[in-house]
Asker: 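Okay, handing you the structure first.
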Amino acid sequence: MTGAETVMARCDELAACSEEAERITRPFGSPSMKKAQELVGRWILEAGMRVSRDNVGNVHGHYEAAAPGGPTLLMGSHLDTVRGAGRYDGMLGVLVAIAAVQELHDAGHTLPFAIDVIAFADEEGLRFGSTYLGSRALAGTLSPADLNLVDARGISLAQAITEVGGDPSRIADDRWHGGDLIGFVETHIEQGPVLEARLLPVGVVSAIAGQNRYALTLKGEAGHAGTVPMNGRRDALAAAAEIVLAVEAEALARPGLVATVGKLDVFPGATNVIPGQVDLSLDVRHSEDPTRIETCAHILERAQDVGAQRNVTVTVKPVSENAAVPCSARLSQLLSRAVEDARLEVLHLASGAGHDGVAIESLTEIGMLFVRCKGGVSHSPAESVTTQDVAVAIDVLGNFLERLAAA
Ligand code: HGY
Ligand code: MN
Ligand code: MN
């Protein structure tokens, strides 16, 4: 099998590692994540790398430099997924990085720098709600508050780390301590329609949009659906519905801004009971931080107005905030030349999706290579890439490594 065919087959193997039989769902610290990490560990060894894992569960592959003491290039992506995920978001970046090192290993080739390939244990935040837990551990920016995050069953991140064999009291050891870093380069599906529209297999990422996540709790008054008159109800779900539409309206009014209510839980959740409480998520993103910040304030103000009009309390808990992050000009230049070496047009494009580079940027400069995905669809089983485009990505990454070695 070619490198690209191997990557595609391995994406299928990882897709079978799921907490749910009928869809791909692989959260932090789950049995399916353990299985995926074992597979990735095996493939890292096959590519001539030394494998290790850290407290938080990131899997590391280390490919020695030609001579010890040189700097290290980080590559990789995340191994966790959203609920009902596709099989390429995250996984493709891990497997393409392994494939690029496999090619070096098979050719008996070493470089003037080491390569660390990392499969991050949690980027999506499906289990604990926050983002980039794996890459923040590597960047040394996980906080004690993060360790106290709890999942839907009340299990804390600290407990979950213990359960996967890590020591939450030693999270600081997960910070990169392997010497000088050249940077972090992540290959990832575009999760958008631009490359497909431009008939291009790959693109070079210019920046990653900033992102706010909130948890809102609306409290009204539960009551009998048959006896409480419409006037005077304190219906938390009706208030939530008005807020969801207000979120959409505020986003539509601002070019380039996206805002989403992705989760909404109704309590008590019975046909004949007026909803007394609604918990909902809010995700707001834009490439310009001032626009994002202003819009968040405006949306939250409108939510409070709706609550006041309906006599429903609105409590807002900020979950995470990440400023927009630029990709390194140096790494992007080298990636652009590497794309040209593959006789392809170079397209620079911004990422609306968040990526581990947002967390790693505090540690070292970042670069990203996007791979075309069908219809721009992601966070869905319909996520799809072609073997040909994956072959291009591996080829471009190989060109990039060569250029970096010669730089
Ligand atoms: O939410 C995101 O943008 C990424 O998929 N974590
Ligand atoms: Mn994702
Ligand atoms: Mn991703």
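For ligands, and for the atoms within them, numbers begin at 1 and follow the listed sequence.
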Asker: Checking side-chain hydrogen bond (donor to acceptor under 3.5 Å, both in side chains) against Ser32, which of Arg26, Glu19, Glu20 comes through?
Answerer: Glu19
Asker: Rounded to the nearest 0.5 Å, how far does OG1 of Thr25 lie from CD of Glu124?
Answerer: 11.0 Å
Asker: Tell me whether the rings of Phe184 and Phe120 are parallel (<30°), tilted (30 to 60°) or perpendicular (>60°).
Answerer: perpendicular
Asker: If you look at every heavy atom in Arg372 and Leu199, which pair is closest and at what distance?
Answerer: NH1-C, 3.4 Å
Asker: Considering the heavy atoms of Arg213, write down every atom of ligand 1 situated less than 4.0 Å from one of them.
Answerer: 1 (O)
Asker: Given His188, Arg285, Gln211, identify the one with the heavy atom nearest to atom 3 (O) of ligand 1.
Answerer: Arg285
Asker: Which of the protein's N, O or S atoms come within less than 2.8 Å of the Mn ion (ligand 3), not counting waters?
Answerer: His78 NE2, Asp89 OD1, His188 NE2
Asker: Check the pair Glu64 / Arg50 against salt bridge (charged side-chain N to carboxylate O under 4.0 Å, His left out), numbers first and verdict last.
Answerer: CA-CA 9 Å; Glu64 279 299 352; Arg50 205 178 54 235; 3.3 Å; yes
Asker: Would you say Leu401 and Ile115 make side-chain contact, with heavy atoms under 4.5 Å?
Answerer: yes
Asker: Which of the atoms of ligand 1 are close to Glu123, meaning less than 4.0 Å from one of its heavy atoms?
Answerer: 4 (C), 6 (N)
Asker: Just heavy atoms, cut-off under 4.0 Å: does His379 contact ligand 1 by side chain, backbone, both, or neither?
Answerer: side chain
Asker: Taking distance alone, with N or O pairs closer than 3.5 Å, would you say Gly352 contacts ligand 1?
Answerer: no
Asker: Show which atoms of ligand 1 fall inside a sub-4.0 Å distance from at least one heavy-atom site of Glu124.
Answerer: 4 (C), 5 (O), 6 (N)
Asker: By the definition side-chain hydrogen bond (donor to acceptor under 3.5 Å, both in side chains), identify the one residue from Asp89, Asp356, Asp122, Asn58 that meets it with His78.
Answerer: Asp89
Asker: Output yes when the distance from some N or O of ligand 1 to some N or O of Gln191 is under 3.5 Å, and no in every other case.
Answerer: no
Asker: Report the part of His78 in contact with ligand 1, treating N, CA, C, O as backbone and CB onward as side chain, heavy atoms under 4.0 Å; options are side chain, backbone, both, neither.
Answerer: neither
Asker: Just how far is it from atom CD1 of Ile171 to atom CG of Leu157, taken to the nearest 0.5 Å?
Answerer: 7.0 Å
Asker: Do Lys374 and Val385 have side chains that get closer than 4.5 Å, going by heavy atoms?
Answerer: no
Asker: Sequence neighbours left out, what passes salt bridge (charged side-chain N to carboxylate O under 4.0 Å, His left out) with Glu345? Give chain and number order.
Answerer: Arg198
Asker: Suppose I only count heavy atoms of Ala353 and a 4.0 Å limit; which atoms of ligand 1 are within that range?
Answerer: 3 (O)
